[in-house]
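Worksheet for the structure shown next.
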Amino acid sequence: MKKIKLVCLLSLFCCSCSEVSTSSIQQNNSIQKLEVNYTNVKDTYFLGEKLDLSSLDVVIKEFVDGAWLEKEHVENWTSSIQNGTILNEEGEIKITISYLEFVPVSFYILVLNQDKYLSNDDFSKASNEYNASLFGKNTSSPYLDPLSLDNKVLVVPYYFTEQEEMTTEENRKKIEDVFFSSENKPYSVKSYYETSSYHKTNFNGDVINWMKSSYQSDKLIQNGGYDAAKDIYEQYQKEYRKDNHGILGKDAKPLSYYDSNNDGAIDLLWIIYSRPMEHTSTNQWWAYTSHEGVGLSLNVNNPVPKTFCWASFSFMNDNYDPHTYVHETGHAYGLVDYYDYNSYWSCMGGVDMMDNNIGDHSGFSKFSLGWTSPLVVNKSSIIKLKKYSSSGEFVLLPSQNYNNTPFDEYLTLEYISTDNLNFIDYYTGYNGVSGYKEGGIRISHIDARVKNDNRYIPLDDIQKATNYIADNSYFGRNSSGKAGSTTTDFFEGHLNDSNVDRSYYLLGVISASFDETRYNMNSKVYCDDSSLFKKNSEFSLDDGYNIFMPSYSSLWNKARSHVLNNDDYKTVIDESLKCSYYVKVLDINEEEATLLIEVK
């Protein structure tokens with residue numbers, strides 16, 4: 001990780017950029033140096049704590065044949081402040097290590113007065129009154145309700161004549177296990193969402209008998225799942241009217257059963273088609289989700305397909321693999337893709353269920369679905385943060401005039417761990433991408449402001465929103481918010497790519513590894529353990545990490561607005577809209593992390 005020398009609001013310098021200090025001497029044609037490595041030494045304390053130098057590593061090295069070779073470890077060094085001393089002086093404290101005739105070596109620790117800082121109890125959580133399902137309500141395209149405990153999902157195994165041999169009860173049961181079994185590994189769709197939502201939603205439903213398509217598969221090339229959804233709707237009604245409900249079986253339920261909120265639409269129709277997946281220009285034999293429906297009006301008596309998911313049986317990969325079905329179900333709830341459709345960029349570094357189908361949903365995802373609510377921290381404080389996946393806790397650092405909802409611009413801080421829904425995915429990986437192997441703090445920039453008709457103008461009235469201003473697809477970044485048809489960068493003078501408006505992304509990881517290629521939208525770089533902020537790691541938009549912001553500074557996206565000028569939109573930048581936070585990970589253990597946060 002990169003250590004950066006920063007000036008805090010306390011007007012104190014934090015840890016120096018090097019974690020090893022040395023001094024050299026020459027004796028009898030031998031050049032030696034004293035090397036003091038304090039990488040693992042605690043460098044931030046509170047008044048009243050004891051100085052702990054037990055992990056200090058002091059070594060004498062000798063210069064031999066052009067290289068420094070370790071000669072001996074030193075145990076009887078002395079310190080200007082004795083190990084175990086109670087620290088009762090606030091500020092930056094110099095620690096000097098001495099040994100024999102070597103020039104003494106120094107480094108610094110920081111001692112804070114905890115009484116000067118606010119804590120968790122001094123802040124409130126953001127409101128999750130509004131969630132992404134409002135986009136569906138405002139476009140008459142009902143999403144799967146993320147806060148319903150009574151959702152009913154209709155899963156239809158759908159086959160074509162050329163794959164009739166697949167239509168076995170064994171394969172139907174396999175689909176059932178992948179979607180609803182508590183025993184499926186690493187999880188089923190049901191167990192994933194009930195765990196990820198902290199049981200704020202239930203995922204219940206039925207896998208019916210195999211249904212034969214009324215089409216040859218090559219006739220579905222243009223309309224794919226849309227024609228299939230309408231075909232299923234018509235066949236289901238016809239079969240249900242037969243004795244013992246025809247191919248559906250005597251235990252089949254009326255379509256109204258799958259409309260738990262009586263809005264005239266099936267809660268969610270999941271179509272598992274028999275044809276092998278293939279990623280072609282038509283995308284019909286891939287996986288996707290639609291909220292557009294099939295051209296039928298809402299009908300309370302015979303609920304129609306509106307939101308449906310479409311994916312091949314072959315996504316199970318012969319081993320009950322649920323990943324693709326979990327990802328697409330995320331879309332049904334209202335989440336969008338967190339990757340670039342042209343494979344240029346991976347905003348979450350691959351490590352997210354809506355990016356490369358790995359692990360738990362991000363804090364932003366769960367916040368936008370109403371499953372959790374972050375602590376909004378806008379003043380200097382010392383915050384305790386539990387593991388995100390198990391607790392749902394995370395911190396939100398707001399931009400100016402934050403509206404207290406998921407639909408605004410902010411930074412998020414999550415304590416990422418390798419347990420719960422992350423456990424198997426992080427260690428085994430998926431589609432060639434591995435997850436994190438160690439815990440740490442993930443920092444992300446979110447710009448989830450919303451729009452309705454005019455994507456240039458962010459909405460103040462969240463209730464009227466139909467979509468986000470930005471997304472993470474190539475199309476979204478290339479067109480959202482641009483002035484007219486001209487390719488312009490969000491902040492003039494910081495154009496990253498002549499074909500990409502780099503400023504408009506919904507969310508993106510700010511990597512602790514300080515590697516700008518992780519941001520470059522023409523470099524698909526995946527996150528690893530170096531991307532997380534560990535103990536003693538520091539972050540500030542004023543010092544280096546601003547490369548991850550569209551403005552290359554602490555100027556937030558909100559600083560840009562559009563003014564109509566001669567039938568075109570002119571970009572106006574408000575330079576006063578700057579805000580930076582300093583974050584330091586003071587401590588991190590198996591249960592929680594301790595963060596120092598300062599507003600700059």
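- Considering every non-hydrogen atom in both Met277 and Asn317, the closest pair reads CE-OD1, 4.3 Å.
- Counting heavy-atom neighbours within 6.0 Å of Glu70 CD, excluding the residue itself, gives a total above 12.
- Of the charged side-chain nitrogens involved, none lies within less than 4.0 Å of a carboxylate oxygen, so that Asp408 and Arg449 do not count as a salt-bridged pair.
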Inset, instruction - Please assess Leu51 against Ile109 for the test side-chain contact (heavy atoms from CB on, under 4.5 Å), listing each intermediate value before the final yes or no. - result: CA-CA 9 Å; Leu51 177 66; Ile109 62 171; 3.8 Å; yes
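- Between the CD atom in Glu328 and the CE atom in Met353 there is a gap of 11.0 Å [rounded to 0.5 Å].
- The nearest pair of heavy atoms linking Met348 to Ser444 is CE-OG, 4.2 Å.
- With Trp68 as the aromatic partner, Lys33 meets the cation-pi criteria of under 6.0 angstrom to the ring centre and within 45 degrees of the ring axis.
- Checked by atom type, the side-chain pair Lys584/Thr44 shows a donor-acceptor distance below 3.5 Å.
- Using cut-offs of 30° and 60° on the angle between ring planes, the pair Phe102 and Tyr99 is parallel.
- With no hydrogens or angles considered, a side-chain donor-acceptor pair links Asp360 and Ser389 at under 3.5 Å.
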Inset, instruction - Show your working on salt bridge (Lys or Arg N to Asp or Glu O under 4.0 Å) between Lys384 and Asp587 and close with a plain yes or no. - result: CA-CA 9 Å; Lys384 300 287 187 180; Asp587 193 21; over 6 Å; no
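- Residues Leu397 and Val377 are in side-chain contact: their nearest non-hydrogen atoms beyond the backbone lie under 4.5 Å apart.
- Between Asp542 and Lys578 no salt bridge is recorded (no basic side-chain N to carboxylate O distance below 4.0 Å).
- In Asp65, the CG atom is not crowded: 12 or fewer heavy atoms of neighbouring residues, nucleotides or ligands sit closer than 6.0 Å.
- With hydrogens and angles disregarded, a donor-acceptor distance shorter than 3.5 Å links the side chain of Ser381 to the backbone of Lys379.
- Using a cutoff of 4.0 Å between basic side-chain nitrogens and carboxylate oxygens, Glu35 and Lys61 are scored as salt-bridged.
- At least one side-chain heavy atom of His361 sits under 4.5 Å from a side-chain heavy atom of Met354.
- For the pair Ser417 and Asp419, the tightest heavy-atom approach, listed with the atom from each and the gap, is OG-OD1, 2.5 Å.
- Between Ile95 and Tyr38, the closest side-chain pair of non-hydrogen atoms is not below 4.5 Å.
- Contact detail for Gln114 and Ile382: the closest heavy-atom pair is CG-CD1, 4.1 Å.
- A salt bridge links Glu590 with Lys387: the distance from a Lys NZ or Arg NE/NH1/NH2 to an Asp or Glu carboxylate oxygen falls below 4.0 Å.
- Side chains of Leu375 and Ile383 form a contact here, defined as non-hydrogen atoms less than 4.5 Å apart.
- Note: Tyr192 and His323 fail the aromatic proximity criterion, with ring centroids not under 6.0 Å apart.
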Legend entry - Check against salt bridge (Lys or Arg N to Asp or Glu O under 4.0 Å), Lys42 and Glu49: CA-CA 11 Å; Lys42 182 176 180 179; Glu49 286 190 310; 3.1 Å; yes
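- Around atom CZ of Phe423, no more than 12 heavy atoms belonging to other residues, nucleotides or ligands sit under 6.0 Å away.
- When each of Tyr582, Tyr581, Tyr117 is paired with Glu598, the side chain to side chain donor-acceptor pair (under 3.5 Å) condition holds for Tyr117 and for no other.
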Inset, instruction - Starting from the C-alpha separation in whole Å, work towards a yes-or-no answer on side-chain contact (heavy atoms from CB on, under 4.5 Å) for Val376 and Phe123. - result: CA-CA 6 Å; Val376 181; Phe123 298 98; 5.9 Å; no
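- Proximity of the aromatic rings of Trp556 and Tyr410 is defined here by a centroid distance below 6.0 angstrom, and this criterion is not met.
- Remark: the backbone N or O of Glu409 is paired with a side-chain donor or acceptor of Ser399 at under 3.5 angstrom.
- Aromatic ring orientation, Phe367 versus Phe394: perpendicular (interplanar angle above 60°, classes split at 30° and 60°).
- Using a cut-off of 4.0 Å between Lys/Arg side-chain N and Asp/Glu carboxylate O, Lys116 and Glu90 are scored as salt-bridged.
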Inset, instruction - Apply the test side-chain contact (heavy atoms from CB on, under 4.5 Å) to residues Tyr427 and Lys437: give CA-CA distance (whole Å), side-chain angles for both, the deciding distance (0.1 Å), then the verdict. - result: CA-CA 7 Å; Tyr427 282 99; Lys437 302 299 188 297; 3.7 Å; yes
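- Residue Asp529 holds its CG atom at 8.5 Å from OH of Tyr436, rounded to the nearest 0.5 Å.
- Exactly one residue among Asp355, Asp352, Val351, Leu335 makes a side-chain contact (heavy atoms from CB on, under 4.5 Å) with Ser362. That residue is Asp352.
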Inset, instruction - Could you walk me through whether Ser30 and Glu62 pass side-chain contact (heavy atoms from CB on, under 4.5 Å), step by step? - result: CA-CA 7 Å; Ser30 172; Glu62 187 172 10; 2.6 Å; yes
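- Residue Asn589 qualifies as enclosed at atom CG: its count of foreign heavy atoms under 6.0 Å is above 12.
- Under 4.0 Å is where a charged nitrogen must lie from a carboxylate oxygen, and between Glu438 and Lys534 at least one such pair does.
- Here the OH-OH distance, from Tyr193 to Tyr187, works out to 9.0 Å after rounding to the nearest 0.5 Å.
- You'll find the side chain of Trp371 reaches within 4.5 Å of the side chain of Ser196, heavy atoms only.
- Between the side chains of Asn356 and Asn431, not a single donor N or O lies within less than 3.5 Å of an accepting N or O.
- In this structure, Asp57 CG and Thr39 OG1 are separated by 8.5 Å, a value rounded to the nearest 0.5 Å.
- For the pair Lys366 and Tyr388, the cation sits on the ring face: its NZ or CZ lies under 6.0 Å from the ring centre, inside 45° of the axis.
- Between Ile441 and Ala593 the shortest heavy-atom distance is CD1-CB, 3.8 Å.
- In this structure, a donor-acceptor pair under 3.5 Å is absent between the side chains of Asp121 and Ser119.
- Each of Leu595, Leu385, Thr594, Leu596 was evaluated against Val585; a single residue qualifies, Leu595, per the side-chain contact (heavy atoms from CB on, under 4.5 Å) test.
- Looking only at atom types and distance, the side chain of Ser365 has no donor-acceptor partner in the side chain of Ser368 under 3.5 Å away.
- Counting only heavy atoms from C-beta outward, the side chains of Val103 and Val105 never approach each other to under 4.5 Å.
- When all heavy atoms are compared, the tightest approach of Asn546 to Leu541 is CB-O, 3.0 Å.
- Contact of the Asn37 side chain with the Leu56 side chain is not registered, since no non-hydrogen atoms from C-beta on lie closer than 4.5 Å.
- The line from CD1 of Ile81 to CD1 of Ile86 is 13.0 Å long, rounded to the nearest 0.5 Å.
- The shortest side-chain heavy-atom distance between Ser312 and Glu278 does not fall under the 4.5 Å cut-off.
- By the 6.0 Å contact criterion, CG on Asp318 is open, its count of non-hydrogen atoms from other residues, nucleotides or ligands being 12 or less.
- For Glu414, the side chain to side chain donor-acceptor pair (under 3.5 Å) test picks out Arg442, with sequence neighbours left out.
- By the side chain to side chain donor-acceptor pair (under 3.5 Å) test, Ser106 pairs with Thr96, sequence neighbours left out.
- Note that SG of Cys527 is 10.0 Å distant from CD1 of Ile416, once rounded to the nearest 0.5 Å.
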